[in-house]
Amino acid sequence: MAGRRDADGHGRRAMTARRDVRPDYEVLGLSLALAAIFAYAGIDKIREPQQFADNIAGFPILPAALINLLALTLPLFEIACALLLLLPLTRRVASLAVALICVMFFTALASALLRGLTLDCGCFGVGAPSRSKMWLELGLDVLLFAGASFVYSRSRARA
């Protein structure tokens with residue numbers, strides 16, 4: 001806007017604050033990957049809720065009264081987080097929720113490993129109990145936490 005004068009009468013251009021609305025492809029790609037992983041994990045657990053409840057019981061952390069409740073609600077929570085990761089308006093809160101459940105998974109697996117337990121966590125379906133698989137899933141939890149934290153830090157907060 002050439003020739004436009006500001007309040008002082010000077011010939012400077014008026015500066016307007018514009019938000020950068022370009023998509024952040026790193027955040028988008030990572031959000032899609034996290035959504036796919038958590039949707040798959042949630043759907044897989046819904047298919048066999050009793051098996052997942054047995055996997056949870058193998059950790060001996062929760063009281064027996066909470067095992068079935070967690071086995072029925074955690075998969076729905078994972079699927080909800082996956083769906084919320086797909087929407088820019090809810091991506092930040094969904095990534096925070098994913099990061100927090102990754103901390104919960106990490107804590108449960110680390111506790112089991114430190115206590116010398118060998119079990120199947122049930123994270124991605126039914127499998128043979130294996131300590132090497134537990135260590136692999138512990139590492140996966142760290143990577144998922146890092147990814148969710150990255151998405152959280154780079155997503156815009158909504159007023």
Side-chain angles (χ1 to χ4, degrees), residues 19 21-159:
R19 271 193 350 181
V21 291
R22 290 178 292 151
D24 188 340
Y25 293 110
E26 294 163 337
V27 169
L28 180 60
L30 200 48
S31 296
L32 290 173
L34 287 168
I37 290 167
F38 277 85
Y40 172 80
I43 290 168
D44 199 52
K45 290 173 186 137
I46 284 176
R47 287 185 184 145
E48 296 190 50
Q50 186 58 52
Q51 179 62 48
F52 183 51
D54 292 343
N55 291 342
I56 294 170
F59 281 88
I61 296 174
L62 291 176
L66 296 180
I67 291 172
N68 286 335
L69 179 64
L70 184 64
L72 293 173
T73 58
L74 181 62
L76 298 174
F77 185 73
E78 289 176 326
I79 293 168
C81 287
L83 293 173
L84 293 173
L85 278 166
L86 300 176
L87 304 171
L89 290 173
T90 56
R91 187 171 291 142
R92 186 171 169 91
V93 71
S95 61
L96 178 61
V98 166
L100 291 174
I101 59 175
C102 285
V103 169
M104 180 182 76
F105 295 156
F106 180 89
T107 303
L109 271 171
S111 168
L113 284 165
L114 290 172
R115 291 182 287 151
L117 299 175
T118 301
L119 45 85
D120 175 32
C121 73
C123 300
F124 296 101
V126 180
S130 161
R131 288 189 65 78
S132 60
K133 184 179 172 188
M134 290 172 69
W135 282 105
L136 185 65
E137 288 170 344
L138 194 70
L140 179 60
D141 286 333
V142 170
L143 290 176
L144 292 172
F145 175 81
S149 297
F150 179 82
V151 170
Y152 178 80
S153 69
R154 296 274 297 266
S155 296
R156 290 184 174 88
R158 303 291 180 208

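Computed from a prediction, not measured in an experiment: that's the story for all the values here. Because only heavy atoms are used, hydrogens play no part in the values below, and waters and symmetry mates are left out as well, while side chains stay in.
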Residues in salt bridge (charged side-chain N to carboxylate O under 4.0 Å, His left out) contact with D44, at least two apart in sequence or another chain: R47
List, one per line, each side-chain donor-acceptor pair under 3.5 Å for residues 55-75, sequence neighbours excluded.
unit_1	atom_1	unit_2	atom_2	d
N55	OD1	Q51	NE2	3.1
T73	OG1	L69	O	2.8

Least distance between heavy atoms, M134 atom then A112 atom: CE-CB, 3.7 Å
Pairs satisfying salt bridge (Lys or Arg N to Asp or Glu O under 4.0 Å), at least one member in residues 56-72, at least two apart: none
Minimum heavy-atom distance L84-T90, with the two atoms named: O-OG1, 2.7 Å
Residues forming a side chain to side chain contact (heavy atoms under 4.5 Å, CB included) with L96, sequence neighbours excluded: L100, Y152
Set of residues satisfying salt bridge (charged side-chain N to carboxylate O under 4.0 Å, His left out) with respect to E48, sequence neighbours excluded: none
Selection residues 121-137 - residue pairs positive for salt bridge (Lys or Arg N to Asp or Glu O under 4.0 Å), sequence neighbours left out: D120-K133
Selection residues 81-90 - residue pairs positive for salt bridge (Lys or Arg N to Asp or Glu O under 4.0 Å), sequence neighbours left out: none
Pairs touching residues 94-115 that satisfy side-chain hydrogen bond (donor to acceptor under 3.5 Å, both in side chains), sequence neighbours left out: S111-R115
Residue pair F145 / A99: nearest heavy atoms and the distance that separates them: CD1-O, 3.4 Å
Residues which pass side chain to side chain contact (heavy atoms under 4.5 Å, CB included) with L138, listed by chain and number, not counting sequence neighbours: F106, L109, A110, L113, W135
Which donor-acceptor pairs under 3.5 Å do the side chains of residues 29-43 make with protein atoms, sequence neighbours left out?
unit_1	atom_1	unit_2	atom_2	d
S31	OG	V27	O	2.7
S31	OG	R91	NE	3.2

Disulfide (SG to SG under 2.5 Å) contacts in which one or both residues fall within residues 30-145, not counting sequence neighbours: C121-C123
Salt bridge (Lys or Arg N to Asp or Glu O under 4.0 Å): pairs with one or both residues in residues 139-154, sequence neighbours excluded: D24-R154, E26-R154
